[in-house]
Amino acid sequence: MPLVHMKPMLKTAKAARYGIAAFNMIDYNSARAIVDGAEEMNAPIIIQVSVKTIKLWSHKTLGSWVAALAADADVPIALHLDHCKDLDVIKGCIDNGWTSVMFDGSADPFEENVKKSKQAYDIAMAAGVGLEAELGAIGGVEDDKFVAEDEAILADVNECLAFCKEMPELAVFAPAIGTAHGDYKGEPKIAYDRLEKLTSIIDIPIALHGGTGLTDEQFTRCIQSGCAKVNISTMHKKHFVDGFCDVKTKEPPVKEPIPYIEAQYETMKAGVMDMIRTFGSEGKASQMKAA
Ligand code: 13P
């Protein structure tokens, strides 16, 4: 199938209270593992890309890899740009057929964030692609951005409401609710009350950032409370490295590269399938194709 827009996928998922996994790809093999894992589970999926990864491979190469994988797949796949504050990178994705982008103005004061996010919103709406935008400060490390745990700020409910009123057609909204990117140092303190409040006043599906390290119960509760896009990056990157490197410890030594690539693929794919099961999106691809 051609790449799809993520807004209808996420609306359907939110209404039925399951989560669509959004995995950060690193290279072709990692994208192949995401697509094949989703196909095996008959699940809709989002492949997202960090700006650093675009700098390595280019918008065009990444776009062509994922479009080719999607063309041969029978599940809905959206190609999404993760945290980005550069409108030129956003335009580059759009020009190369990506179906979704994120503008991250969370480091700016509220008014400035609204102003810049609206510029990205106008660009995305004119091009017919989905937009994700962020409010508050999600802790941890993502791409080149680091927010110390004591500097993470939960999104303010009134600001969230005003932010979303300015951009009513957002595909997904990312308020900081206490999760963090990277490995958790202690027990994550998720502000469920705030999440539930936001879902009761805002129609737009919510993105859950910092998925790696959350428990099944935490995922389920967030999804039941309105999170429809669930981001996983650190876990997929760990599987990328471990799956490959584990082959190095085998006796007799493996000298051909392909067994390394295949082991890396299998490790990543198993992780993808596991998350799809946890988020409840297994078997949901047919429902979306029918919609
Ligand atoms: P993790 O790296 O914690 O899985 O978070 C991913 C994420 O939220 C990407 O935006």
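Along the sequence shown, residues are numbered consecutively beginning with 1. Only a predicted model underlies this, so the values are computations on that prediction, with no experimental measurement involved. Both backbone and side-chain heavy atoms feed into the values below; hydrogens, waters and symmetry mates do not. First listed ligand is number 1; within each ligand, the first listed atom is number 1.
- Judged by the 6.0 Å distance and 45° axis criteria, Lys284 is positioned over the aromatic ring of Tyr18.
- Shown here for Gln48 and Asn24, the closest heavy-atom pair between the two residues is NE2-OD1, 2.9 Å.
- The environment of Asp246 atom CG is dense: over 12 non-hydrogen atoms of other residues, nucleotides or ligands sit within 6.0 angstrom.
- Of the N and O atoms on the side chains of Asn42 and Ser286, at least one donor lies less than 3.5 Å from an acceptor on the other residue.
- Phe163 and Phe173 have their aromatic ring centers within a separation under 6.0 angstrom.
- Ligand 1 is surrounded by Asn24, Gln48, Asp82, His83, Glu142, Ala180, His181, Gly182, His209, Gly210, Gly211, Thr212, Asn231, Ile232, Ser233, Thr234, each with at least one heavy atom closer than 4.0 Å.
- Salt-bridge formation is detected for the pair Arg32/Glu262: a Lys NZ or Arg NE/NH1/NH2 atom is positioned less than 4.0 Å from an Asp or Glu carboxylate oxygen.
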